[in-house]
Amino acid sequence: MSVSSAGNSPGHTSASFEIKSAQLPLVALMLKTNDWNLLAADLEKQYGVAGENPDFFDHDALVIDFSQLAPDTPLQDLKPLLRVLRSCRLVPLAVRGASTAWMQSALALGLVEAPVDAPRVRPAAAATAPTEYVVQEVVREIVREIPGQLTMVVDKPLRSGQKIYARGADLVVLAMVNQGAEVVADGNIHVYAPLRGKAMAGASGNTNARIFSLCLEPELISIAGVYRTSENPLEPDVRGKPAQVRLSNDGQDKLLIEALKT
């Protein structure tokens with residue numbers, strides 16, 4: 001869609017503005033509780049100013065997803081939640097999957113209603129569905145989860161305090177990621193060297209993202225917000241060796257760390 005406007009004054013031939021449809025990458029916060037105190041504590045511990053990853057977000061646009069809450073969840077004031085999200089460098093813009101009462105409350109605060117993501121197509125359902133329908137749904141899901149086919153390449157070592165964020169892209173690092181350094185990507189992360197700092201893949205919620213390293217010795221690893229720190233040591237068969245990190249596909253949101261076979 002494109003809409004333009006030209007002034008009405010004589011001789012005015014250039015458009016003063018143009019409106020086009022646009023697609024923005026959004027971070028989704030899937031609520032699993034309406035206990036704002038508990039939620040605020042967890043968010044601030046991980047992403048707050050004094051949290052573990054205070055610079056993880058950079059004023060990223062956010063949609064609040066209520067689809068995991070029961071439809072009869074009692075209505076509460078959304079303002080405290082919005083304040084916490086903004087303190088974590090997130091910008092709440094929309095709400096989806098909410099009951100009528102929750103949605104009206106959100107709209108009154110200036111948020112907008114976002115459509116719920118299309119359901120994923122499972123192999124069993126695909127066998128009985130028309131071929132054309134399955135192809136359309138699969139393409140739509142890929143577009144949502146992987147905003148672009150871009151890759152950022154870094155060929156210099158990352159020192160403590162340095163951070164690289166491949167927004168809407170995969171990240172390839174050809175040198176060491178030292179302790180205290182951070183590598184973040186909306187897609188996959190490939191480190192063809194020792195990974196000793198923090199690595200966070202699928203930062204915008206892509207649960208299919210993975211982390212690969214030729215020498216896995218991280219301070220922290222995370223896929224779509226599910227993380228593990230060095231306080232929980234890696235198993236001997238993957239620590240300091242070529243390995244990959246991914247999320248389980250059983251709906252349990254568990255990190256799987258597997259050796260890469262050569």
Side-chain angles (χ1 to χ4, degrees), residues 22-36 38-48 51-53 55-71 73 76 78-99 102-103 105-107 109-121 137-148 165-170 184-189 200-211 222-227 246-255:
Q23 293 183 345
L24 297 175
L26 295 175
V27 178
L29 174 70
M30 299 192 69
L31 298 180
K32 297 184 178 181
T33 178
N34 66 330
D35 184 342
W36 291 165
L38 174 61
L39 187 58
D42 288 345
L43 285 168
E44 290 175 345
K45 178 182 178 181
Q46 190 167 351
Y47 303 118
E52 298 174 1
N53 302 285
D55 298 322
F56 187 83
F57 298 110
D58 185 18
H59 304 290
D60 297 281
L62 176 80
V63 55
I64 305 173
D65 192 323
F66 282 78
S67 60
Q68 298 296 310
L69 295 183
T73 300
Q76 294 189 50
L78 282 170
K79 292 180 182 178
L81 175 60
L82 299 183
R83 284 196 294 267
V84 171
L85 292 172
R86 290 176 181 130
S87 72
C88 295
R89 294 160 57 99
L90 289 163
V91 183
L93 296 180
V95 171
R96 70 185 181 192
S99 66
W102 280 105
M103 186 60 69
S105 176
L107 296 177
L109 292 174
L111 302 177
V112 299
E113 182 175 2
V116 178
D117 279 342
R120 297 186 179 185
V121 177
E137 289 300 312
V138 170
V139 170
R140 183 189 303 178
E141 183 177 0
I142 292 175
V143 171
R144 285 181 182 274
E145 293 194 346
I146 307 176
Y165 182 12
R167 187 183 297 273
D170 289 350
V184 184
D186 288 340
N188 303 304
I189 295 177
M200 291 160 273
S204 291
N206 182 1
T207 56
N208 291 324
R210 301 191 182 197
I211 298 171
S222 170
I223 304 289
V226 180
Y227 68 96
R246 64 182 178 89
L247 282 182
S248 62
N249 58 7
D250 57 3
Q252 299 299 313
D253 288 341
K254 295 186 298 184
L255 281 181

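Residues: numbered from 1 along the sequence shown.
- A donor-acceptor pair is defined here as one N or O able to donate and one able to accept, closer than 3.5 Å; such a pair exists between the side chain of Ser248 and the backbone of Lys254.
- Looking only at distances, a side-chain donor or acceptor of Trp102 sits under 3.5 Å from a matching main-chain atom of Thr73.
- Atom CG of Leu31 and atom CH2 of Trp36 lie 5.0 Å apart (nearest 0.5 Å).
- Taking all atoms of both residues into account, the shortest heavy-atom contact from Ala94 to Leu111 is N-CD2, 4.2 Å.
- Here the straight-line distance linking atom CG of Leu85 with atom CG of Asp60 works out to 12.0 Å at 0.5 Å rounding.
- Nearest approach of Ser204 to Asp186, heavy atoms of both residues: OG-OD1, 2.8 Å.
- For the pair Pro92 and Arg86, the tightest heavy-atom approach, listed with the atom from each and the gap, is CD-CG, 3.8 Å.
- Ala28 and Leu62 get closest at one heavy-atom pair: C-CD1, 4.1 Å.
- With hydrogens and angles ignored, the 3.5 Å screen pairs a side-chain donor or acceptor of Asp170 with a backbone N or O of Asn188.
- For the atom pair CD (Glu113) and CG (Leu107), the distance works out to 6.5 Å, reported to the nearest 0.5 Å.
- Of all heavy-atom pairs spanning Ala201 and Gly187, the tightest one is CB-O, 3.4 Å.
- Ser222 and Tyr227 make their closest contact through CB-CB, 3.7 Å (heavy atoms, listed as atom of the first residue, atom of the second, distance).
- At a threshold of 4.5 Å between non-hydrogen side-chain atoms, the residues Val84 and Leu39 do not count as touching.
- Put simply, CD1 on Ile64 and CE on Met30 are 13.0 Å apart, with the number rounded to the nearest 0.5 Å.
- Between Met103 and Val95 there is a side-chain heavy-atom pair separated by less than 4.5 Å.
- Of the inter-residue distances, the one linking Cys88 atom SG with Arg83 atom CZ reads 13.5 Å to the nearest 0.5 angstrom.
- With 3.5 Å as the limit, one finds no donor-acceptor pair spanning the side chains of Asp35 and Thr33.
- Between the CG atom in Leu69 and the OG atom in Ser99 there is a gap of 9.0 Å [rounded to 0.5 Å].
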Chi angles and distances behind the salt bridge (Lys or Arg N to Asp or Glu O under 4.0 Å) call for Asp65, Arg96: CA-CA 5 Å; Asp65 192 323; Arg96 70 185 181 192; 2.7 Å; yes
